There are 2 protein chains.
Amino acid sequence: MLDLAILGLLAEQELHGYEIRRRLRDELGLFVNISFGSLYPALSRLEAAGAVTAVAAAPDVAIPATGSLGGERAVLRARRATSGRSTKRSRKVYRITDAGLALFERLLEDDGTSTDDARTFGLRLAFAHHLAPQARLRLLERRRAQLVRRLASDRARVAGTTLDVYVRSLAEHSTEATEHDISWLDRLIESERRALAAAAPTTPSDHRLDRHPATH
Amino acid sequence: MLDLAILGLLAEQELHGYEIRRRLRDELGLFVNISFGSLYPALSRLEAAGAVTAVAAAPDVAIPATGSLGGERAVLRARRATSGRSTKRSRKVYRITDAGLALFERLLEDDGTSTDDARTFGLRLAFAHHLAPQARLRLLERRRAQLVRRLASDRARVAGTTLDVYVRSLAEHSTEATEHDISWLDRLIESERRALAAAAPTTPSDHRLDRHPATH
DNA sequence: CGTCGATATATCGATGTGATATATCGTCCT
DNA sequence: AGGACGATATATCACATCGATATATCGACG
């Protein structure tokens with residue numbers, strides 16, 4: 001679960017542990033508030049598995065050529081770091097390997113029956129730009145189906161003989177929240193479908209299209 | 001966290017492990033989907049701590065005189081069980097002790113800085129009828145304040161330089177969900193305030209009222 | 001000049017999950 | 001008749017994650 005988060009960040013740029021945590025907190029802190037107690041062991045685990053390698057401590061923070069991720073503040077930090085002529089306490093900078101990239105893509109797509117967690121879905125969506133359009137659509141639809149199932153069982157529960165006021169209120173609110181989630185997903189799905197139709201209007205009935213997309 | 005759940009159920013009625021899990025799943029399965037791998041150890045833990053005691057396996061399932069909790073199906077199950085003249089695999093029925101009740105109340109109120117989890121709040125609210133009106137109000141207001149704080153930091157994040165479409169959508173949706181939660185809490189708080197005012201209209205300015213409420 | 005807060009890595013215990021093992025009983029299919 | 005299957009029931013394992021804590025370095029601020 002946080003393997004996915006770590007690999008997703010490292011797929012864009014080399015980073016050290018503390019910085020990984022900071023980015024997860026600042027940029028998608030909605031779900032993940034990863035603790036060091038899980039981060040460092042996870043990095044060791046990934047290193048042992050050959051998914052990442054520790055490279056020499058970078059003397060200065062690489063200004064992200066990838067753009068998109070927290071530009072200004074990163075520059076400020078880099079300036080401070082270089083001016084101070086300090087590496088703080090020696091950092092271990094990690095780089096993702098080919099095996100790690102493969103693992104990342106597997107974790108991203110994996111419709112694994114497991115851990116329904118909203119957090120895992122959020123993480124996958126946050127890295128959705130790494131997915132092929134069709135895979136992205138599948139991700140959204142899978143999640144939608146899951147929520148629809150939950151909604152049905154929640155409704156069944158509300159219909160049951162639960163009398164307590166608070167439990168009932170809780171159940172009703174949860175139901176509404178799920179409905180809200182679903183309509184949000186519907187909007188996303190609609191948007192993806194439109195993008196897909198606009199990109200490839202030639203072969204709309206090609207059912208093999210999503211296996212190995214020509215490019216992206 | 002599931003100590004709270006277990007004690008909350010046992011506070012109303014003696015139960016064995018499997019039944020505890022079933023009730024949690026069926027009645028407030030919104031949050032808790034407790035696994036046996038945590039339930040049984042938790043029961044042992046609570047037993048060791050003197051919060052619960054294992055009593056002799058009940059020959060028949062007690063028809064809940066407390067009402068409110070899954071009546072019909074329980075009766076059906078009880079009938080089947082007695083007709084079959086079977087206790088299935090010998091069950092351990094647990095009863096809550098005085099110490100357990102004290103612990104339960106502590107866990108219910110505990111504004112413990114820890115584990116902000118929505119699940120913990122949901123659990124507390126589900127058992128809110130065990131709380132004094134003022135404590136109930138405090139619980140709701142504490143949660144509200146917490147969500148307001150989260151909302152502020154979420155908004156700050158959205159205002160930042162996050163360019164990715166999906167991350168942005170995720171953040172916006174999360175923000176809306178939090179707003180929805182807050183307005184739900186506002187309704188609950190309003191309702192509690194009204195109930196409180198109706199119950200004790202004599203001393204509206206007594207600021208000590210919530211320390212040791214006369215009764216419940 | 002000394003303390004505080006941010007940066008940085010690491011480890012510990014407690015708690016929770018998912019998978020699996022074991023056993024008994026009722027129900028349904030053939 | 002019998003046997004497969006699912007529900008009931010308890011228990012344990014490996015593993016993931018969290019929160020707290022330890023350790024260390026540095027810049028900033030009074």
Side-chain angles (χ1 to χ4, degrees), chain A residues 1-6 15-26 31-47 49 54 57-58 61 73 76-94 112-117 119-120, chain B residues 1-6 15-26 31-49 54 57-58 61 73-74 76-94 107 112-117 119-120 123:
Chain A
M1 209 250 79
L2 90 172
D3 288 11
L4 176 61
I6 293 170
L15 294 168
H16 57 272
Y18 199 87
E19 179 69 9
I20 288 174
R21 201 235 184 180
R22 202 193 55 78
R23 298 215 177 186
L24 287 177
R25 180 166 41 71
D26 289 359
F31 330 89
V32 271
N33 201 10
I34 283 175
S35 69
F36 295 121
S38 48
L39 176 61
Y40 288 115
L43 280 171
S44 305
R45 202 195 310 148
L46 287 171
E47 191 178 12
V61 175
R73 271 179 297 175
L76 281 176
R77 257 196 320 285
R79 191 155 315 172
R80 242 188 293 143
T82 46
S83 77
R85 186 71 193 91
S86 65
T87 344
K88 306 276 161 158
R89 172 173 179 154
S90 63
R91 350 162 139 160
K92 272 198 209 164
V93 174
Y94 291 95
T113 63
S114 57
T115 50
D116 60 330
D117 255 45
R119 274 156 63 228
T120 304
Chain B
M1 209 249 82
L2 92 172
D3 288 10
L4 177 61
I6 292 170
L15 294 168
H16 59 271
Y18 199 88
E19 180 70 8
I20 289 174
R21 199 235 185 183
R22 201 193 57 77
R23 297 215 177 184
L24 287 176
R25 180 166 42 72
D26 290 359
F31 331 89
V32 272
N33 201 7
I34 283 175
S35 69
F36 293 121
S38 49
L39 176 61
Y40 288 115
L43 280 171
S44 306
R45 201 194 311 147
L46 287 171
E47 192 178 13
V61 176
R73 270 178 296 175
L76 281 176
R77 256 195 320 285
R79 189 156 317 171
R80 242 188 291 144
T82 46
S83 77
R85 186 71 195 90
S86 62
T87 345
K88 306 278 159 155
R89 174 174 178 153
S90 63
R91 349 161 140 161
K92 270 197 210 166
V93 174
Y94 290 94
L107 288 177
T113 63
S114 59
T115 51
D116 59 334
D117 255 44
R119 274 154 63 227
T120 305
L123 224 35

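All values reported here derive from a predicted model rather than from experimental measurement. These values consider heavy atoms only, across backbone and side chains, with no hydrogens, waters or symmetry-generated copies. Below, read A as the first sequence line, B as the second, and so on, with proteins coming before strands; counting in each chain starts at 1.
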Review point. Does the cation-pi check pass for R21(A) over F36(A), that is, NZ or CZ under 6.0 Å from the six-membered ring centre and within 45° of its axis?
Key: yes
Taking all atoms of both residues into account, what is the closest heavy-atom pair of [X] and [Y], and its distance?
X	Y	answer
L4(A)	T120(A)	CD2-O, 4.5 Å
H16(A)	K92(A)	CB-O, 3.0 Å
A42(A)	D3(A)	CB-OD1, 4.2 Å

Review point. So do L39(B) and I6(B) actually touch side chain to side chain, heavy atoms under 4.5 Å?
Key: yes
Check your understanding: Under 4.0 Å between a side-chain N or O of Y40(A) and OP1 or OP2 of dT9(C)?
Key -> yes
**Study point:** Phosphate-side-chain proximity, Y18(A) and dT9(C), N/O vs OP1/OP2 below 4.0 Å
**Key:** no
Without decimals, in angstroms, what is the distance between [X] [atom1] and [N] [atom2]?
X	N	atom1	atom2	value
Y94(A)	dA10(C)	OH	P	6 Å
L39(A)	dT9(C)	CG	P	8 Å
H16(A)	dT9(C)	NE2	C1'	10 Å
I34(A)	dC18(D)	CD1	P	7 Å
L43(A)	dA10(C)	CG	P	9 Å

Where do N or O atoms of nucleotides 12-15 of chain C meet protein N or O atoms at under 3.5 Å, pair by pair?
none

Review point. What is the bend of the helix from dC1(C)-dG30(D) to dT30(C)-dA1(D) when you compare the axis at one end with the axis at the other, using five pairs each and rounding to 10°?
Key: 20°
Study note, to complete from the structure: Residues at least two apart in sequence or cross-chain that pass salt bridge (charged side-chain N to carboxylate O under 4.0 Å, His left out) with R25(A), listed by chain then number, are none
**Study point:** Closest listed nucleotide, where the reference is the side chain of R119(B) and the choices are dT11(C), dT17(C), dT10(D)
**Key:** dT17(C)
Check your understanding: Looking at residues at least two apart in the chain, or sitting in another chain, which of them share a side chain to side chain donor-acceptor pair (under 3.5 Å) with S35(B)?
Key -> S38(B)
Review point. Can you pull the salt bridge (Lys or Arg N to Asp or Glu O under 4.0 Å) pairs that have at least one residue in residues 31-43 of chain A, sequence neighbours excluded?
Key: none
